[in-house]
**Student:** 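My questions all concern the structure below.
Chain letters run A, B, ... following the sequence lines, proteins first and then strands; every chain starts at 1. Values in this document were obtained by computation on a predicted structure and should not be read as measured data.
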Number of protein chains: 2
Amino acid sequence: MSQDPAHASAPRSRHRIGLDDQATDGQSARTRIQDVALQLFIEEGYDKTSLREIAEKLGVTKAALYYHFPTKEAIVASLTEDRVVAVAKILEWANAQPRTEQTRQELIRRYAETMRGPRSGQIIRFFERNQATVKDLGAGEAMRKQMVEVMNLLSTKTEPYDVQLRRSLAIFAIHASWFAMREREWNEEEGQAAALKVAIDLVAD
Amino acid sequence: MSQDPAHASAPRSRHRIGLDDQATDGQSARTRIQDVALQLFIEEGYDKTSLREIAEKLGVTKAALYYHFPTKEAIVASLTEDRVVAVAKILEWANAQPRTEQTRQELIRRYAETMRGPRSGQIIRFFERNQATVKDLGAGEAMRKQMVEVMNLLSTKTEPYDVQLRRSLAIFAIHASWFAMREREWNEEEGQAAALKVAIDLVAD
DNA sequence: GTCTATAGCAGGATAGAC
DNA sequence: GTCTATCCTGCTATAGAC
């Protein structure tokens with residue numbers, strides 16, 4: 001999952017306080033960069049978030065980031081790869097199933113499961129808020145294609161338009177529990193349970 | 001609606017072929033800029049669309065654009081202002097109604113009506129695909145607030161989470177008919193009718 | 001109304017010291 | 001692993017001629 005050619009085991013040589021030494025909470029430098037970058041990508045947008053800004057927030061310089069990631073885009077790639085693999089597995093499973101209501105519901109259940117990871121919700125949020133930018137980012141293209149494939153599994157072109165639309169909204173229901181209702185105050189558990197319930201209903205006959 | 005202090009009636013003085021003289025199809029220079037800009041903002045993203053690119057596509061230079069719009073952001077503002085006014089009117093109406101199922105359905109109907117204009121769908125598409133960027137653009141802020149207000153009118157905080165989510169999805173249903181299902185081939189009429197049907201059902205009890 | 005030219009700045013990325 | 005310094009590019013916006 002982690003393809004870091006350069007420094008599989010980076011030498012902890014110098015005595016200066018750097019990104020990698022702030023790991024008193026068990027977070028690697030790589031992870032800290034990912035967290036800060038993702039947060040900024042969501043709040044400010046990918047384009048408007050400069051590497052300088054990320055570095056500043058981490059207390060280092062731009063150049064330091066380039067030791068951990070070859071490009072800005074690579075940060076996004078590292079963020080999304082795990083989720084892409086997880087969704088790909090679900091799609092593989094779904095493609096081998098008969099196209100029944102029960103399959104749709106199980107597909108939704110499994111898809112909703114992918115939102116349980118600590119960063120999953122944020123990654124979706126990032127994706128939704130940066131669609132235009134992310135679409136030629138490779139990682140974004142992959143996620144977009146997967147979303148379309150999920151929707152295509154939920155309905156066929158021969159079905160009425162309103163059915164197609166209704167079923168597709170199930171995906172938005174799952175995603176939306178993370179971003180559409182920011183104003184309101186419910187906890188994660190409840191939100192996800194509600195989203196799953198609504199989504200399941202949307203794909204029912 | 002059109003706040004152009006500088007050139008309410010621009011003098012058609014010179015003989016050179018410019019933006020304003022290409023109006024053989026009845027489009028003003030202003031309109032042509034808006035159309036091209038909006039299209040690029042959707043396809044490439046607001047940030048990544050430079051004024052040079054817009055100008056090039058119109059066969060003029062960057063500087064020419066600055067005659068018609070004082071800033072890049074002003075183009076967005078000019079694009080969204082009519083819709084913001086239209087939605088504001090609907091919100092004003094809705095706020096004066098009792099919070100019944102019938103009101104919700106009528107609210108959805110009226111909201112769906114705003115998608116009938118030629119550019120409305122594109123503007124929503126622009127908004128959705130550039131959320132992160134557009135959020136500190138003034139125009140974007142206004143639209144975001146309106147969307148939240150519509151959702152708040154569709155459900156109250158005391159209602160169960162799944163009901164709140166379900167009702168909020170009605171808005172996405174209306175919007176989605178314009179962008180979520182690009183892969184599939186149905187005409188506008190059918191798509192909007194389907195969206196309205198789904199949305200109405202989502203706000204029903 | 002449109003042009004050329006340019007100011008002024010910020011971005012991503014690299015080189016090389018430590 | 002992180003730094004300083006810098007290259008190169010592209011952006012928004014402005015000045016002033018025509």
**Student:** Could you check how far CZ of Arg30(A) sits from P of dG1(D), rounded to whole Å?
**Tutor:**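 One finds 13 Å between P of dG1(D) and CZ of Arg30(A), rounded.
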
**Student:** Taking Thr49(A) for its side chain and Gly45(A) for its backbone only, find out whether a donor-acceptor pair lies under 3.5 Å.
**Tutor:**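 The answer is yes, because a donor-acceptor pair under 3.5 Å joins these two groups.
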
**Student:** Separation of His68(B) atom NE2 from dG1(C) atom C1', in whole Å?
**Tutor:**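 Spelled out: NE2 on His68(B) to C1' on dG1(C) is 6 Å.
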
**Student:** Does the pair Glu113(B)/Arg110(B) count as a salt bridge with the N-to-O cut at 4.0 Å?
**Tutor:**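 Looking at Arg110(B) together with Glu113(B), the answer is no, because their closest N to O distance does not fall below 4.0 Å.
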
**Student:** Between dC3(C), dA13(D), dG1(D), which one does the side chain of Val60(B) approach most closely?
**Tutor:**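 Nearest to the side chain of Val60(B) among the choices is dC3(C).
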
**Student:** Taking Tyr46(B)'s backbone N and O only, do any of them form a donor-acceptor pair with Thr133(B)'s side chain (distance below 3.5 Å, no angle check)?
**Tutor:**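 No.
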
**Student:** If we count only N and O atoms by modelled type, under 3.5 Å, do the side chains of Asn152(A) and Glu149(A) hold a donor and an acceptor together?
**Tutor:**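 Checked: Asn152(A)/Glu149(A) side chains show no N/O donor-acceptor pair below 3.5 Å.
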
**Student:** Which ones in residues 38-52 of chain B lie close to DNA chain D, meaning a heavy atom under 4.0 Å from one of its atoms?
**Tutor:**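 Only Thr49(B), Ser50(B), Leu51(B), Arg52(B) qualify.
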
**Student:** List the steps, then state whether salt bridge (Lys or Arg N to Asp or Glu O under 4.0 Å) holds for Glu106(A) with Arg109(A).
**Tutor:** CA-CA 5 Å; Glu106(A) 182 60 23; Arg109(A) 263 182 228 109; 2.9 Å; yes

**Student:** Side chain of Thr61(B): nearest nucleotide among dA13(C), dT4(D), dC3(C)?
**Tutor:**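 Of all the options, the side chain of Thr61(B) is nearest to dC3(C).
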
**Student:** Write down the atom of Leu202(A), the atom of Arg166(A), and the distance for their closest heavy-atom approach.
**Tutor:**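 Shortest heavy-atom contact: O-NE, 3.4 Å.
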
**Student:** In whole Å, I'd like the distance from the NZ atom of Lys62(A) to the C1' atom of dA5(D).
**Tutor:**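 In whole Å, dA5(D) C1' lies 11 Å from Lys62(A) NZ.
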
**Student:** Rounded off to whole Å, could you give me the CD1-to-C1' distance for the Ile54(A) and dA13(C) pair?
**Tutor:**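 Interatomic distance, CD1 of Ile54(A) to C1' of dA13(C): 14 Å.
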
**Student:** Just the rounded figure in Å: distance from C1' of dG12(C) to CD1 of Ile75(A).
**Tutor:**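 Rounded to the whole Å, the gap is 11 Å.
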
**Student:** Taking atom P of dT14(C) as reference, at what distance in whole Å does atom OH of Tyr67(A) sit?
**Tutor:**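 It is 16 Å, rounded to the nearest whole Å.
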
**Student:** Atom CG of Leu65(A) and atom P of dT4(D): how far apart are they, to the nearest Å?
**Tutor:**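 Checked: the CG to P distance equals 13 Å.
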
**Student:** Quick check, are the ring centers of Tyr111(A) and His175(A) under 6.0 angstrom apart?
**Tutor:**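 Centroid distance Tyr111(A)-His175(A): below 6.0 Å, so yes.
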
**Student:** Starting from P on dA10(C), measure out to CD on Glu56(A) and report it in whole angstrom.
**Tutor:**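 My rounded result for the distance is 12 Å.
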
**Student:** Which nucleotide in the list dG12(C), dC3(D), dC3(C) gets nearest to the side chain of Ala63(B)?
**Tutor:**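 So the nucleotide nearest the side chain must be dC3(C).
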
